[in-house]
Visitor: 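Next up is a structure, given as structure tokens.
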Protein chains: 2
Amino acid sequence: MPAPQLSNTAYVILGFLDAGPRSGYEIKQAVDRSTRFFWAASYGQIYPELKRLRDGGLVESERDDAGARKRAIHRITREGRRALRDWLAEPAAVTELRDEKLLKLFFSDSAGSGKRASSTGASVLEARASEHDEVAEQLRALEPSVIALGKPGKLAVLRYGIEFNEWGARHCRNVAGELEREREESA
Amino acid sequence: MPAPQLSNTAYVILGFLDAGPRSGYEIKQAVDRSTRFFWAASYGQIYPELKRLRDGGLVESERDDAGARKRAIHRITREGRRALRDWLAEPAAVTELRDEKLLKLFFSDSAGSGKRASSTGASVLEARASEHDEVAEQLRALEPSVIALGKPGKLAVLRYGIEFNEWGARHCRNVAGELEREREESA
DNA sequence: TACGACATGTAACCAGTTACATGATTTA
DNA sequence: TAAATCATGTAACTGGTTACATGTCGTA
């Protein structure tokens, strides 16, 4: 039978389970430490998704009440592994962005007078720069452990994130500066 | 009364209407020529959203059956303008990404043997590089008309898009090259 | 003993896409 | 005359978040 088409979040779960059996809670922790920078997932997605994967035979679950706490641990099956590999081999969909800060910057021209507009634009750019800084810092903190892992894909994603955010912070501050100068000149 | 909280797409509509009255169809065209690179919108969103804005008094609509085709044109009200300005003054939400290609790159380590994994990773990076190239090209094509507009916010967004995509294409090809070399060395 | 972390799940809601449905007008 | 473009809308669905509900265990 053809695999029922899965959401990307289902593949995130399969991806983490491919590295070893885990509880739903642990999957969520793994997401929060890694993919959340480019693919977040909430419990409200993970648990129902785990159930669907189980129903589809891509994951097996067993109770683990031996430890201090009772929980279920989930294990990827051969079909699950096949589904993961097939998904990896398929080309990814076109990347769609939804960036509220760019939206505000785009419409900042409507914020009022020329001076008001350019200061609105500059403050959006400054907010974006700070955000880029913060994310870059969080990602840099992860670098040593990811290097230690020795997983080239994971390191490549991390580097993309770090360098993108460093570029973004620089770029936004440059453009914000230009906008400020324009405002001063027109004053 | 406090404005009922609006979706970002509602503000996109208000933003375009702030530049002059338009039909729903024309709003969709405007989106497709500009914001779609960072905020897309479908008819299935635009028309119901226009109705909500009308119900909330932020937009007024009138029939325009004078032209060749019958249509409704929508006009932003004073309250609509106020809502737009208030939204612009508020800080934007934290930017959330959902990037399927980064997800595949992240899990490419699970694609099979070391060689299979790094070639999967490299092909995802090549796909991402091509995508960056294409978007950069589309954005560069818009540059002259946006410069002519003389709207600094719109130009700032465009430059962000162009330079980000140029950076992205370069970066992805560099990293893909490194991955390929690693694979050759380990062969 | 209370707080934080572990642990699992559901229900209501929200934003958005896709497919469907309809029909007029312009252009090749 | 057929196809593209103009034009408006709805319904079904999807993927996701948030809030709720419940309970345990370790520790300060």
Side-chain angles (χ1 to χ4, degrees), chain A residues 4-13 16 21-33 35-36 38-55 59 61-74 87 92-100 103, chain B residues 4-13 16 21-33 35-36 38-55 59 61-74 87 92-100 103:
Chain A
Q5 76 271 43
L6 303 175
S7 67
N8 284 318
T9 299
Y11 291 109
V12 172
I13 293 172
F16 283 118
R22 279 166 172 71
S23 68
Y25 190 85
E26 286 170 324
I27 292 169
K28 167 68 168 153
Q29 285 182 313
V31 165
D32 286 345
R33 272 184 277 110
T35 65
R36 72 147 159 132
F38 51 93
W39 203 282
S42 62
Y43 288 121
Q45 269 251 286
I46 290 167
Y47 285 111
E49 208 67 77
L50 231 21
K51 185 174 189 300
R52 270 190 289 277
L53 289 167
R54 201 156 54 229
D55 293 345
V59 154
S61 310
E62 53 185 273
R63 296 294 316 170
D64 169 24
D65 297 349
R69 278 159 165 128
K70 319 173 205 165
R71 59 192 205 145
I73 65 159
H74 311 281
W87 173 72
V94 170
T95 308
E96 297 284 347
L97 300 182
R98 287 203 174 259
D99 190 319
E100 199 182 314
L103 212 49
Chain B
Q5 76 272 43
L6 302 176
S7 67
N8 284 319
T9 300
Y11 291 109
V12 171
I13 293 172
F16 283 118
R22 280 167 172 68
S23 68
Y25 190 85
E26 285 170 326
I27 291 169
K28 167 68 168 153
Q29 285 183 312
V31 166
D32 286 345
R33 271 183 277 110
T35 64
R36 73 149 158 129
F38 51 94
W39 202 282
S42 62
Y43 288 122
Q45 269 252 284
I46 290 168
Y47 285 111
E49 209 66 79
L50 272 170
K51 185 174 188 304
R52 269 190 289 278
L53 289 167
R54 201 155 55 227
D55 293 345
V59 153
S61 309
E62 53 184 278
R63 296 295 314 172
D64 169 25
D65 297 350
R69 277 161 166 129
K70 316 173 209 169
R71 58 191 205 147
I73 66 160
H74 311 280
W87 173 73
V94 170
T95 308
E96 298 284 348
L97 299 182
R98 288 203 173 259
D99 190 319
E100 199 182 314
L103 212 49

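Naming convention: chains lettered A, B, ... in sequence-line order (proteins, then strands); numbering from 1 in each chain. Note that the structure is predicted; figures quoted are calculated from it, not measured.
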Visitor: Given atom CZ of A:Arg63 and atom C1' of D:dT24, what is their separation to the nearest angstrom?
Guide: 12 Å

Visitor: Taking the nucleotide of DNA chain C with the nearest heavy atom to each, does A:Leu50 or A:Gln29 sit closer to the 5' end?
Guide: A:Gln29

Visitor: Without decimals, in angstroms, what is the distance between A:Lys70 NZ and D:dG23 C1'?
Guide: 8 Å

Visitor: Could you give the CD1-to-C1' distance, from B:Ile13 to D:dT8, as a whole number of Å?
Guide: 14 Å

Visitor: Between D:dT5 atom C1' and B:Asp32 atom CG, what is the distance in whole Å?
Guide: 14 Å

Visitor: In chain order, what residues pass the salt bridge (Lys or Arg N to Asp or Glu O under 4.0 Å) check against A:Lys70, with sequence neighbours excluded?
Guide: none

Visitor: For B:Trp39, which residues count as a ring pair (Phe, Tyr, Trp, His ring centres under 6.0 Å) partner, sequence neighbours excluded?
Guide: none

Visitor: Excluding sequence neighbours, so at least two apart, what forms side-chain hydrogen bond (donor to acceptor under 3.5 Å, both in side chains) with A:Arg36?
Guide: A:Gln138

Visitor: So what does A:Glu96 hit on the nucleic acid, given a heavy-atom distance under 4.0 Å: a base, only sugar-phosphate, or nothing?
Guide: nothing

Visitor: Calculate the interatomic distance between A:His74 atom NE2 and C:dA7 atom P; express it in whole Å.
Guide: 11 Å

Visitor: Quickly work out the A:Asp65 CG to C:dT8 P distance and round it to whole Å.
Guide: 10 Å

Visitor: At under 4.0 Å between heavy atoms, which parts of nucleotides 10-23 of chain C does protein reach? Answer with one letter per nucleotide, 5' to 3': B base, S sugar-phosphate only, - none.
Guide: B----SBBB-----

Visitor: In whole angstrom, give the distance that lies between atom CZ of A:Arg22 and atom P of C:dA7.
Guide: 13 Å

Visitor: Return the set of residues passing salt bridge (Lys or Arg N to Asp or Glu O under 4.0 Å) with B:Arg52 (not counting sequence neighbours), or none when no residue passes.
Guide: B:Glu49

Visitor: B:Tyr25: what forms a ring pair (Phe, Tyr, Trp, His ring centres under 6.0 Å) with it, not counting sequence neighbours?
Guide: none

Visitor: Distance check, rounded to the nearest 0.5 Å: A:Arg71 atom CZ versus A:Asp65 atom CG?
Guide: 10.0 Å

Visitor: I need the OH-P distance between A:Tyr25 and D:dC25, as an integer number of Å.
Guide: 15 Å

